[in-house]
Amino acid sequence: MSKRQYNNRVMQWVEDRLPIISLMENSGVIYPTPKNLNYWWNYGSLAGVVMVIMILTGIFLAMNYQAHPTVAFDSVERIVRDVNYGWLLRYLHMNGASMFFLLVYIHMFRGMYYGSYKAPRELLWMIGVTIYLAMMATAFMGYVLPWGQMSFWGATVITNLFSAVPVVGTDIVTWMWGGFAVDFPTLNRFFAWHYLLPFILFALVFLHLWALHTHKSNNPLGIDAKTPQDMMPFHPFYTIKDLYGLGFFMIFYLYFVFFQPNFFGEVDNYIPANPMVTPPHIVPEWYFLPFYAMLRAVPDKLGGVIVMFAGVLILYVLPWLDTSKVRSARFRPVFKQMFWIFFLDCLVLGYVGAKSPDEMFMGIMTMTTLGQIATTYYFFHFIVLLPLLGKYETTKPLPNSIAEEVAKKYAQ
Ligand code: HEM
């Protein structure tokens, strides 16, 4: 018998057999949360909402989509034009992908600013990086499905990168394609993966939250909660705050869905795939641009591929590269500046990724050179700056407790 008692007899009956009611209550109602979380802590739950929207709209799109090169493009057009509310499903899904990345990028930068990846939350962060990798794979394969020019050529360029692997490169590419070019077997298996991966992502998010709930949330001060006065129950305080943020986010998201549905897209993807005509500029979706810039920064193909993957994989070891004992940038004056330079560097990489390599930047240098500088700085930040800052930076004194700081703020 469960120790927890409920007035509702059905709830009690379930609880006695499977303590799922108390589990939900512990993790979503009475769950102790630091009382000083700001709006940057809304983005995890927002990402969760978008993940659910993506899975639901995806399932209904899949009911009408056909994964064959002769009909894939037309089947998507049919969804938009003829299927009841098909346009809504497609635009929610298409723009949802951009929103998902936008939210997750903000979520990641929040984690970097407040040192949320530091002990004891390293594994929570690493599961996050794995989620990010799964998101990238899912988005890449999803983009191939409408079988437009960008779908086809994007898939060709990116899969071809694996041919740079010594000795077995060409075999890997043939194996991925299921043939000797991007064609029906490729499209069909990408569809299968694109359907499967979001469920793996869902399971990873479950682990992510499990790890989060083990040590509870970090907070803007980056100090541990010591007494019950530092915390408050998740419901109603943070349920309301999350819903309030959700309202603003939905206005932003739905603006694109209803008024600018192709804002994040590429016109060339409304031209059916043609293996005989290469588009003049093959650009990936905006959320891949920084890594695309890294890929092109290295003149050697294999080198470019290694640097590009290293750009993501280095995030796994971030908790150990940053050696500072202090978590939050609020108490790390030099790190705070370095964080913003790093953020700017990522924007520069994204900008370079969108431009053609020999275009000039302000008449000073080519995009390739700018990309090389920005890529070097990206790794310099992780490998040199973070370890050194941890050692030599003079940090500001930390507050005694969350409760004390909150009381001070409201007294003011
Ligand atoms: C599907 C994508 C994701 C979902 C649904 C998700 C969900 C969440 C939620 C609900 C929280 C608690 C609320 C919050 O702190 O905002 C959280 C915390 C966290 N997430 Fe994620 N997350 C995702 C991706 C990521 C990624 C890609 C990373 C890092 C690479 C990451 C790192 C973290 C960290 C470090 C925390 C703890 C933050 C703190 O307590 O300060 N998450 N996540």
Side-chain angles (χ1 to χ4, degrees), residues 27-28 31-55 58 96-139 142 197-225 230-231 234-235 237-239 241-246 249 287 290-291 311-322 326-330 342 346 382 402:
S27 48
Y31 176 66
T33 314
K35 53 161 77 160
N36 61 339
L37 297 189
N38 57 30
Y39 280 104
W40 297 114
W41 266 260
N42 278 49
Y43 289 85
S45 68
L46 287 177
V49 170
V50 173
M51 180 179 65
V52 172
I53 295 178
M54 293 303 279
I55 291 181
S98 278
M99 293 301 136
F100 201 8
F101 275 95
L102 184 67
L103 294 171
V104 166
Y105 279 136
I106 297 175
H107 187 65
M108 290 165 78
F109 278 112
R110 182 286 311 263
M112 291 187 196
Y113 187 86
Y114 292 110
S116 298
Y117 48 80
K118 286 173 186 261
R121 298 183 185 82
E122 304 96 318
L123 194 56
L124 164 66
W125 170 263
M126 292 165 84
I127 297 169
V129 179
T130 314
I131 290 176
Y132 178 46
L133 281 170
M135 277 176 68
M136 293 209 271
T138 310
L197 275 173
F199 294 96
I200 296 179
L201 197 92
F202 198 90
L204 287 169
V205 169
F206 181 80
L207 291 181
H208 191 62
L209 294 181
W210 189 1
L212 176 79
H213 283 217
T214 306
H215 288 286
K216 316 281 184 287
S217 281
N218 180 32
N219 63 84
L221 298 172
I223 55 173
D224 291 329
D230 291 337
M231 311 289 251
F234 191 82
H235 181 74
F237 302 103
Y238 287 110
T239 35
K241 192 169 177 173
D242 278 349
L243 280 173
Y244 181 65
L246 181 66
F249 167 70
Y287 36 82
F291 299 105
V312 185
L313 297 182
I314 200 164
L315 294 173
Y316 274 115
V317 286
L318 173 60
W320 294 275
L321 291 173
D322 181 354
V326 176
R327 289 197 193 107
S328 173
R330 283 197 189 171
F342 173 74
C346 293
F382 284 115
I402 296 174

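Just follow the structure's listing: the first ligand is 1, and inside any ligand the first atom is 1. Values reported hereafter were calculated over all heavy atoms of this structure, with side chains retained and with hydrogens, waters and symmetry mates removed.
In this structure, Tyr287 and Phe101 have parallel ring planes: the angle between them is below the 30° cut-off, well short of the 60° mark.
Geometrically, ligand 1 and Gly44 share a nitrogen or oxygen pair separated by less than 3.5 Å. Checked by distance only, ligand 1 and Arg121 stay at 3.5 Å or farther apart across all their nitrogen or oxygen atoms. Between Ser116 and ligand 1, at least one N/O pair is under 3.5 Å apart. The shortest N or O to N or O distance between Trp40 and ligand 1 is not under 3.5 Å.
Residues Ala137 and Leu197 share a closest heavy-atom pair of CB-CD1, 3.8 Å. Nearest heavy-atom pair across Ile127 and Ala211 is CD1-CB, 4.4 Å. Contact detail for Asn42 and Gly245: the closest heavy-atom pair is ND2-CA, 3.7 Å. Between Ser217 and Leu212, the closest heavy-atom pair is OG-CD1, 3.9 Å. Of all heavy-atom pairs between Pro120 and Arg327, the closest is CD-NH2, 3.7 Å. The two residues Leu204 and Ala134 make their nearest non-hydrogen contact at CD1-CB, 4.3 Å.
Looking from atom 13 (C) of ligand 1 to the surrounding protein, the closest heavy atom is Trp41 O, 3.8 Å. Closest to atom 1 (C) of ligand 1 among all protein heavy atoms lies Phe100 CZ, 3.4 Å. Given atom 5 (C) of ligand 1, the protein heavy atom at minimum distance is Gly48 N, 3.5 Å. When only non-hydrogen protein atoms are considered, atom 37 (C) of ligand 1 lies nearest to Leu124 CD2, 3.3 Å. Nearest protein heavy-atom neighbour of atom 2 (C) of ligand 1: Ile131 CG2, 3.5 Å. Taking atom 12 (C) of ligand 1 as the reference point, the nearest protein heavy-atom neighbour is Leu212 CD2, 3.4 Å.
For Val129, heavy-atom contacts with ligand 1 shorter than 4.0 Å involve the backbone as well as the side chain. Both the backbone and the side chain of Asn218 come within contact range of ligand 1, each with a heavy atom under 4.0 Å. The residue Leu315 has no part lying near ligand 1, judged by heavy-atom distances below 4.0 Å.
To the nearest 10 degrees, atom 21 (Fe) of ligand 1 sees NE2 of His208 and NE2 of His107 at an angle of 170°.
In the vicinity of Val104, heavy-atom distances shorter than 4.0 Å reach the ligand 1 atoms 2 (C), 27 (C). Close contacts of ligand 1 with Ser217, meaning ligand atoms under 4.0 Å from a residue heavy atom, involve 40 (O). Of all atoms in ligand 1, listed by their number and element, those nearer than 4.0 Å to a heavy atom of Tyr132 are 27 (C).
Residue contact check for ligand 1: Arg110 places a non-hydrogen atom closer than 4.0 Å to it. At least one heavy atom of Leu209 sits less than 4.0 Å from an atom of ligand 1.
For the ring-ring contact (aromatic ring centres under 6.0 Å, His included) criterion with Trp41, the lone passing option out of Tyr113, Tyr238, Phe234, Tyr114 is Tyr114.
Side chain of Lys118 to main chain of Trp320: no donor-acceptor pair is present (N/O by atom type, distance under 3.5 Å, no hydrogens or angles).
Salt-bridge annotation for Lys216 and Asp230: absent, with no side-chain N of the basic residue lying under 4.0 Å from a carboxylate O of the acidic one.
Considering Ser328, Gly128, Ala47 only, the shortest heavy-atom separation from atom 3 (C) of ligand 1 involves Ala47.
Tyr105 and Tyr43 have their aromatic ring centers separated by at least 6.0 angstrom.
More than 12 heavy-atom neighbours from other residues, nucleotides or ligands sit within 6.0 angstrom of OH on Tyr39.
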